[in-house]
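Notes to accompany the following structure.
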Amino acid sequence: MSLTAYLTLAALVFAIGLFGVLTRRNAIGILLGIELMLNAVNINLVAFARFHGDLLGLVFTLFTIAITVAEVALGLAIVIVIFRVRRTVEADRLDLLRG
Amino acid sequence: MTLEAAGFWVVAAVLLASSLAVVLTPNLFHAVLYLAAALVATGVVFLLLDSPFLFAVQLLLYAVGVMTIVVFAIMLTERLVGERITQTSRDLLNGAVVATGVFVGIAGFLIRASPSPPRPPLVADTTPALGRALVGPFAVTFELLALLLVVALLGALYFARTDE
Amino acid sequence: MPGPDAVRAFILEIGLGALLLLVFVATLGIRGAERRVIGWIATWGVLVLAFTSFLVRPAPPALGGMFVQDGLAIFAKRLFLAATFIGLLASLGNAQPAFVRRAGEYHLLILSSLLGMFVLASARDLILLFVAFELMSIPLYVLSGFLKRQEEAVEAALKFFLVGSVSSAVLVYGLSFVYGAARSTDLATVARVSPATEPLLALGLLAAFAGFGFKIAAFPFHMWVPDTYEAASTPFVAWLSVAPKAAGFVALFRVYLEGVGDRAAAWIPLAAGLATLTIVAGNLMALPQQNTKRLLAYSGIAHIGYMLVGFAAASASGVAMVLFYLVTYVFGNMGAFLVVEAVARSEGSEATTAFRGLAQRSPLLALAMLIFLLSLGGIPFVAGFWAKLYVFWAAASVGLYWLVLVGAVLTVVALFYYLVVAKRMYIEAPERPGRVHLSATLALAVLICVGGVVVLCHQDGGEREQRQSRAVDARGDSRSGEPSDPRPRLQPHVARRRAPRERRRQGQLLLPLQEQGRARLRDPRSDHRVLPR
Amino acid sequence: MTLPVLSLITWSPFVGALLIMFTARHRPLAVRLIAAVTTGVSSLGALWIYVVYDREAAGFQFYEKFPLVPPLGISYELGVDGISLLLVLLTSVIIVAGVFASWTITVRSQEFYALLLALVTGVFGVFVTLDLFVFFLFYELAVLPMYLLIGVWGSSGEIRPRGIFAWAYRETGVGTKEYAAMKLTLYLLFGSAFILVGIFALYVNAGASSFSFVDLEGVSFAPAVQRWVFLAFYVGFGVLAGIWPLHTWSPDGHASAPTAVSMLHAGVLMKLGAYGVVRMGMGLLPGGAAELAWLMGTVACVNIVYGALSAMAQTDLKYVVAYSSVSHMGIVMLGAATLTETGLNGSVFQMFAHGVMTGLFFALVGLVYEKAHSREIGKMGGFGAVMPGIATAFTVGSLSSLGLPATAGFIAELLTFLGAWRSDHRWWLFPAVAGTFLTAVYVLRVAKQIFWGPPSPHFHHLEDARGPEWVALVLLVAVLVLFGMVPGLAITPVDTATLPLLARIVGF
Amino acid sequence: MDANVWLPVLVLGLPFASFVLLAVVAPLRRAGGAAGAVSIAAIAPAFLVAVLVWGEGLGSEATWSWIPADEGPTATVGLLVDPLSNAMLVLVTLVSLLVQIYSLAYLHDERPASLGRYYTFQSLFAFSMLGLVLSPSFIQMFVFWELVGLCSYLLIGYWYTRPTAARAAVKAFWITKLGDLGFVIGIVMLWSATGTFEFRALFAKAQEHALAIEGLGTIMFLVYLGAVGKSAQFPLHVWLPDAMEGPTPVSALIHAATMVTAGVFMVTRAQPLFVLVPAVLALIGWVGAFTALLAATMACVESDIKRVLAYSTVSQLGYMMAAAGAGAPYASFLHLLTHGLFKALLFLAAGAVIHAVGTNDIFRMGGLFRAMPQTGVVFIVGTLALAGLPPLAGFFSKEAILAGVWEADMTGPFLMLALTALLTAFYMFRVVFVAFFGRAPAAGHPHEPSWTMRGPLWVLAALTVLVGIRLAIGSVGEHHGPGWLPPLSVAAALGGIVLAWAAYQRGALDPGRLAATFPFSVVDVLARRRYGLDALYAGLYRSFILGFSRLIGWIDRYLVDGLLNFLSAWTLRGGDLLRRIQSGHAQDYVYGVAFGVLLLLIWSQWWPR
């Protein structure tokens with residue numbers, strides 16, 4: 001398969017992830033969307049690395065994965081603390097600050 | 001159709017389907033499971049791209065690790081709520097339009113891009129080189145990553161602990 | 001292993017790392033209310049580092065070119081240190097329990113974010129850049145929700161985190177394309193990308209721009225800003241409003257001016273458009289605000305727009321002007337936030353009405369606030385004026401007169417809301433008598449900001465430029481006999497290190513930056529392709 | 001080393017402001033005395049240079065220069081020619097009168113005088129500086145204190161929102177002093193944005209690496225630059241000069257401002273706008289001036305007639321005077337637009353004459369307001385019987401305003417008329433002349449309403465001007481009449497400056 | 001400086017010194033009587049010097065630079081001393097002197113401060129009027145022209161607490177100013193074309209036929225407009241009757257003898273220029289004659305004694321203008337002088353009457369001759385002079401005018417003027433019969449005035465007679481009219497007198513019934529309404545100027561400023577609307593990012609390829 005195919009696949013996943021982020025109400029659901037977006041990045045990077053015969057992409061991917069994990073962990077912690085304070089994890093209900 | 005192509009189509013179908021399921025399914029648990037599927041499918045894509053090491057990382061560290069904490073979080077918040085986690089969605093149409101727009105925008109660039117280069121032959125196993133790179137030129141970056149993880153954990157811990 | 005040269009390049013980072021360790025150890029060793037000491041340790045440490053930073057000289061690239069310690073980086077680091085010092089100093093007097101008991105976490109997070117900024121300022125490799133970017137960002141999410149019992153604070157943290165994560169995703173998605181197009185993560189290589197793959201590069205840079213746009217809070221990526229500023233603790237917000245933005249701008253310069261070579265001019269319309277949008281939106285949205293912090297948040301967005309004006313000049317002088325703008329912005333904006341902190345502490349309100357009659361209650365504090373507001377408003381005799389002047393100058397030099405006009409006219413709109421605060425302080429009668437009390441450290445921080453705002457206008461109109469123009473003359477390219485060179489004789493910090501080989505024709509502005517890039521290509525050390533194909 | 005008399009003039013009030021800020025806390029009399037002395041020093045200096053000024057020689061005299069920022073070509077460069085000489089004199093007259101006219105201010109007088117003096121420094125600075133950049137700084141200094149001066153010490157008018165934009169009126173708070181202060185400040189800064197762009201454009205296009213007026217004067221700019229930069233200057237300075245339709249800040253601002261500030265603002269600051277157009281616009285961009293004179297003159301004609309008619313429609317005394325300024329500034333701009341010697345002399349003369357007369361007006365209006373506590377014309381009447389001195393001074397002011405011979409206003413208008421008919425657009429004469437008639441209509445109508453007629457029982461207790469206030473009134477009236485009878489006092493020096501200016505424009 | 005110059009300067013300087021003294025030294029002014037003494041002490045020697053100047057027939061011209069300019073002064077000031085100005089000097093100083101003396105008694109009830117103000121203005125007026133007649137240039141004439149207008153304004157409004165006086169003063173100023181607009185435009189154009197304001201230079205050019213300026217007709221017409229306003233020519237005559245709100249001595253001085261004749265004086269002075277434009281000259285003649293007739297008809301229906309005199313002044317000014325227009329400046333000027341004398345006399349006498357009876361209404365007087373015979377006699381002398389009966393002064397000057405007009409082949413004006421002569425005699429004797437010989441009881445307690453008032457009356461009466469005799473015997477009064485003219489003129493005057501006698505003394509004619517019959521009814525109705533001109537002006541003022549100003553005021557506030565407020569309000573509101581995108585929902589913020597990306601992607605269409 002060509003590089004473009006992989007890139008297109010990644011773009012689709014990216015868009016789907018974005019869609020999830022935009023439409024999910026549950027904060028955890030939103031996080032899942034973000035995961036998908038980052039996943040698309042990894043596909044991109046690996047595909048480029050393979051097609052360029054280059055290793056940097058793979059290195060990049062490793063870092064991305066690690067950072068993603070960190071972000072998810074932190075995000076979930078925030079969700080939990082939100083839940084503790086506000087008794088909800090619905091992002092739309094969190095609108096004390098506005099305007 | 002080569003084997004690789006066939007594999008790609010299959011994996012792509014699975015990946016896209018599970019991704020869509022992640023964002024569309026009403027049940028959050030199911031969504032997590034679909035995400036696991038999507039991550040595994042991604043791992044398979046890595047495999048198709050001759051990166052077995054990354055496949056492993058993806059599977060072990062990412063899919064499993066992420067899954068675990070997400071499930072924990074769901075358990076934590078759901079149990080306290082005491083209701084089923086069926087989540088409704090916000091306006092799907094707006095999201096779909098914007099997401100499609102972004103995709104079309106990206107695709108426009110992809111189309112304009114020069115024809116993709118031929119896939120070069122695989123020179124050698126990349127894993128050792130990867131390892132060397134991490135302790136070589138990217139050592140400092142790696143250190144920073146470590147710090148980052150520590151800090152993230154510190155933050156997560158700070159939020160999650162209930163003492164005081 | 002890195003040699004002495006490399007150590008020289010890393011000296012500030014190493015020092016900061018040591019400070020981190022020190023704070024960490026202190027956190028483990030000290031308990032309860034004694035933790036206040038941690039704040040002092042961190043503050044003193046940052047102060048020492050700040051002094052050290054003035055001793056640091058540009059060093060050759062380290063890590064095979066990934067890490068540079070050039071004029072831009074050093075300047076940025078000084079700026080971060082100054083901002084951090086003021087921010088830490090101001091939060092020393094913060095007696096809220098969360099800050100006393102959790103001082104260890106608080107300072108660790110701030111310092112690690114600072115380290116992220118340091119590396120970001122020096123990173124010339126996409127991977128390092130991204131990691132540094134994240135290292136800078138992740139502590140900020142935590143810090144903005146540091147008052148984790150407060151509904152607003154955690155809400156703000158979640159919003160900040162969500163928008164930030166998505167932006168990070170977009171950023172790294174873009175970076176992946178940049179890498180894909182350039183086949184390298186080295187910015188110098190990026191600058192040489194063959195036109196055949198350019199659409200991908202363009203896509204990558206655009207997407208990455210969104211990520212940076214989030215960090216600097218350009219419209220429409222700014223939306224997390226007001227909520228976060230309103231909810232988070234004020235000294236932190238003061239710092240948040242300047243340091244990460246400065247880092248974002250430095251990264252922008254690295255990627256978009258150094259990293260695109262001859263095509264920098266292509267960014268002019270985009271940056272100009274974004275600048276216009278940001279200025280207009282920021283200023284308009286600030287108009288109806290009643291909460292001073294929110295007001296300053298929106299005004300900060302507008303300021304980002306003004307900096308983008310300098311960025312839009314896409315010229316060496318533009319970079320210099322934006323850097324100067326950042327300096328004045330650090331002092332002016334932090335100062336304003338700190339006065340808000342003082343007043344809010346005393347009055348229990350962050351609304352603009354809390355400022356009523358401040359001029360009669362605490363004339364000096366009111367005067368300080370007035371000076372900050374005037375500086376933010378770009379009024380002569382204070383630093384902000386020179387800053388605006390210089391970015392406009394840079395834009396005018398490349399013929400962006402319309403942008404200058406838009407910017408200048410919207411300054412007037414901005415003055416409206418600044419003057420509303422001034423009105424509260426000076427025209428309206430106080431609601432209750434008595435001075436506004438503020439802690440000594442906070443007062444000192446405010447004083448430093450006042451000093452910065454006032455002194456900068458005296459010095460930087462003159463001395464700095466003078467020095468630079470002397471540098472120009474020394475190079476002997478003042479082109480005697482050709483007096484009609486209309487460009488202001490201003491050279492950016494980034495260019496001071498290496499003299500350009502040739503002066504460019506009008507219209508091609510990025511010479512010094514490109515020269516740097518090219519020089520690196522000739523430098524064998526810059527080749528870090530150690531990896532097998 | 002000669003005495004840097006221009007610096008002395010400029011900075012003396014500033015020193016006064018500092019002294020007041022730091023030494024005279026809670027001592028109102030000391031505040032006033034410091035103000036009187038420091039402005040007095042400026043005035044003596046102004047008088048001195050006026051007397052000593054070499055009327056045979058053209059060009060800038062009392063020249064001072066030292067570099068501020070050499071690489072950018074910014075320097076502290078002072079000098080006066082005939083035009084600025086006269087305007088410096090005007091400023092000194094007005095500020096001395098202003099200090100005396102506001103002698104009775106009691107609320108926060110320390111800050112009031114300090115701000116007032118700072119503002120005056122800005123005004124002097126604008127008139128004497130020859131460096132465009134420093135000019136801009138002084139310009140801002142002259143504008144900014146206005147916000148607080150009006151906001152704190154001003155008075156609010158009574159305007160009930162009506163008409164199609166009533167909601168906008170409620171939204172913006174029309175009529176209040178805060179509104180007026182804000183409007184004035186923002187409007188003037190809006191104008192200064194154009195000025196700044198213009199200055200940059202000149203600097204960049206000249207390539208001379210200098211902001212010096214003298215240096216830039218030697219550059220001939222490309223026609224497009226001339227046109228656009230002149231337009232920028234015209235709009236930017238024109239805001240301050242009250243050109244239609246950018247004038248609406250001035251009635252509100254002047255009406256809301258305290259007496260001394262109105263005097264200074266209408267009397268001097270509006271001139272500053274006109275001065276900017278003449279000095280910067282016409283002086284540096286002769287081609288642009290020649291090309292756009294039609295615009296200037298036509299707008300000026302609108303100003304004259306429109307301002308007069310608007311003044312007639314007002315019911316608030318201060319608004320009447322303020323609109324009369326709009327009308328009279330039209331004469332100033334018209335005179336400049338004629339591009340003739342007489343016209344330009346008339347323009348400068350009108351700057352002076354209008355400055356004094358409007359200063360007088362605002363001083364009087366301030367006194368009347370202070371005593372009667374009303375600005376509504378309809379509520380006043382018969383004041384002539386109880387305050388004959390004020391009535392007389394008001395009459396003199398009115399007469400000068402309507403261009404009666406033997407007052408300075410006549411000379412200015414006559415010269416402008418002469419210039420107008422000799423310009424390329426003869427028809428300008430007619431609106432200008434019509435303006436004088438309309439002025440006669442509203443000004444006498446107001447004078448009649450306020451000072452004539454049967455004395456109202458409400459106002460029997462009112463008193464005439466007293467003590468220091470007389471100083472202001474007599475000074476202004478005397479200057480008005482003196483320059484009206486001996487116009488050569490002003491025109492001889494002015495002519496030395498206008499001729500070279502015109503030579504460049506015509507020669508372009 | 002030789003006597004030719006400094007004597008006239010002295011004449012000019014004395015009142016000026018008096019004015020400055022009174023204006024600056026407030027205590028002196030507030031002393032009232034002392035101020036009057038100062039003023040009189042200044043004008044009396046001025047009068048003597050003026051007589052000396054006139055008697056010696058001095059002539060000179062001196063100018064000094066006034067408004068400097070690069071190539072010679074733009075405007076000069078100076079003196080032009082010639083027979084014309086000399087005669088005016090005498091007239092002005094004389095009437096001024098007499099009026100000032102007269103006023104001492106007339107205004108002795110005034111508060112001292114007011115009286116001081118009065119004499120200050122009087123001095124200023126004397127100075128201004130003298131300056132006007134001595135003007136060597138249009139510009140100086142205009143300067144003093146305006147100054148006398150100012151004095152007129154101030155003195156009409158002398159009793160400024162009276163609303164009517166205030167209104168009349170302002171009206172007078174406005175209407176004359178209206179004419180002055182023409183004047184100033186005219187001289188501006190003239191200067192523009194010739195580069196000078198000076199009469200001598202202009203006349204020289206005119207004589208050399210070097211004044212072939214394009215539009216000279218327009219210029220002279222505009223200059224003439226000034227005279228229309230000042231000399232109360234149709235249609236700008238409406239201010240003069242109202243000006244009677246001022247003290248009567250003021251009316252005598254300013255609104256009869258001197259200031260209102262400034263227009264005539266100017267046209268006379270500038271005759272060499274006017275003759276170059278015959279059309280304008282003809283217009284002047286026609287307008288003058290028409291004014292004369294129109295004013296006469298209005299005088300016939302007026303019952304206010306001062307207003308009758310005012311209309312008669314307008315009418316006589318019309319005479320003068322007609323003569324000037326007919327190219328008989330000499331006649332015009334002669335009439336100016338004689339009219340100055342006898343009209344001042346009439347006004348002062350009327351003042352004495354008013355002073356005595358406390359009313360202006362002739363129908364509330366009656367039989368005054370018995371109570372104040374001296375006043376009656378001088379009034380009748382004046383009336384006869386005005387009616388134009390020989391050998392009084394008026395006869396000869398009127399003769400000269402009629403002759404001049406006839407010889408200029410201006411039949412229309414001539415007929416109008418002749419009719420006016422009849423009417424003049426009629427309305428003047430109407431006053432005489434009603435007020436002095438009427439049977440109605442007089443209001444108040446009529447009595448002869450004090451000597452300070454009577455003195456000036458007798459002096460003027462004597463002069464009226466003496467000048468008439470002088471004209472009768474001397475060659476000065478020679479005229480070249482047709483032989484039938486004097487009888488016709490006398491007949492007209494007598495006819496008017498008889499008519500008045502019949503209607504008001506004898507009762508043979510019922511004036512009311514006469515007025516009701518056609519065509520008199522039309523005239524009567526119109527004249528009583530002042531031919532609607534006042535109403536027209538009031539209407540124009542109210543609807544046009546005030547209405548327009550209200551419109552502009554509205555536009556300014558609600559459109560020009562309104563637009564600004566609208567914009568700023570919308571800016572505020574725009575901010576308010578815009579901040580709604582800040583909905584508070586985290587995902588909407590993500591939408592922001594997504595939109596931003598989309599925006600960038602769309603923008604990239606302009607990406608240079």
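Source: prediction; values computed, not measured. Below, chain A is the first sequence line, B the second, and so on; all start at residue 1.
Your options are A:I78, A:L9, A:T61, A:I80, and the one with the most heavy-atom pairs under 4.5 Å with chain B is A:L9. Considering only heavy-atom pairs separated by less than 4.5 Å from chain B, the leading option among A:L18, A:V21, A:I43 is A:I43. Chain A forms more heavy-atom pairs under 4.5 Å with one residue of B:L148, B:L157, B:T141, B:L154 than with any other, namely B:T141. Between chain A and the options B:L35, B:L149, B:V45, B:L130, heavy-atom pairs under 4.5 Å are most frequent for B:L130. Chain B forms the most heavy-atom pairs under 4.5 Å with one residue out of A:I82, A:N42, A:L31, and that residue is A:N42. Ranking B:L48, B:V11, B:L24, B:V57 against chain A, the residue ahead of the rest is B:L24, based on heavy-atom pairs under 4.5 Å. Between chain A and the options B:G7, B:A38, B:A160, B:G155, heavy-atom pairs under 4.5 Å are most frequent for B:A160.
Using a 30° and 60° split on the angle between ring planes, B:F138 and A:F63 fall in the tilted class, from 30° to 60°.
Heavy-atom distances place both the backbone and the side chain of A:A5 under 4.5 Å from chain B. For B:S51, the part lying under 4.5 angstrom from a heavy atom of chain A is the side chain only. Only the backbone of B:A21 has a heavy atom closer than 4.5 Å to any heavy atom of chain A. Interface remark: B:L49 contributes backbone and side-chain atoms alike to the contact with chain A (heavy atom separation under 4.5 Å). Contact annotation for B:V32: both backbone and side-chain heavy atoms come within less than 4.5 Å of a heavy atom of chain A. In this structure, chain A has heavy atoms under 4.5 Å from both the backbone and the side chain of B:L16. Only the side chain of B:L134 has a heavy atom closer than 4.5 Å to any heavy atom of chain A. Residue B:L39 touches chain A through both its backbone and its side chain, counting heavy-atom pairs closer than 4.5 Å. Residue contact with chain B, scored on non-hydrogen atoms closer than 4.5 Å, involves the side chain of A:F14 exclusively.
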Between A:N39 and B:T42, does the side-chain hydrogen bond (donor to acceptor under 3.5 Å, both in side chains) criterion hold? Intermediate values first, please. CA-CA 7 Å; A:N39 216 32; B:T42 311; 2.4 Å; yes

Per-pair distances, 0.1 Å, donor-acceptor, side chain in residues 92-107 of chain B, under 3.5 Å, sequence neighbours excluded:
| residue | atom | partner | partner atom | Å |
| --- | --- | --- | --- | --- |
| B:N94 | ND2 | B:D91 | OD2 | 3.1 |
| B:T100 | OG1 | B:A96 | O | 2.4 |

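With A:R84 contributing its side chain and B:F159 its backbone, the two residues share a donor-acceptor pair below 3.5 Å. Remark: the backbone N or O of B:L15 is paired with a side-chain donor or acceptor of B:S18 at under 3.5 angstrom. With hydrogens and angles ignored, the 3.5 Å screen pairs a side-chain donor or acceptor of A:T68 with a backbone N or O of A:T64.
Looking at heavy atoms from C-beta onward, B:F46 lies out of side-chain contact with B:F53 at the 4.5 angstrom threshold. Within the 4.5 Å cutoff, the side chain of A:L3 has no heavy atoms near those of the A:R50 side chain.
At least one cation-pi condition fails for A:R86 and A:F83: the charged atom is not both under 6.0 angstrom from the six-membered ring centre and inside a 45 degree cone around its axis.
Scored by the ring pair (Phe, Tyr, Trp, His ring centres under 6.0 Å) test, A:F60 finds no partners at all (sequence neighbours excluded).
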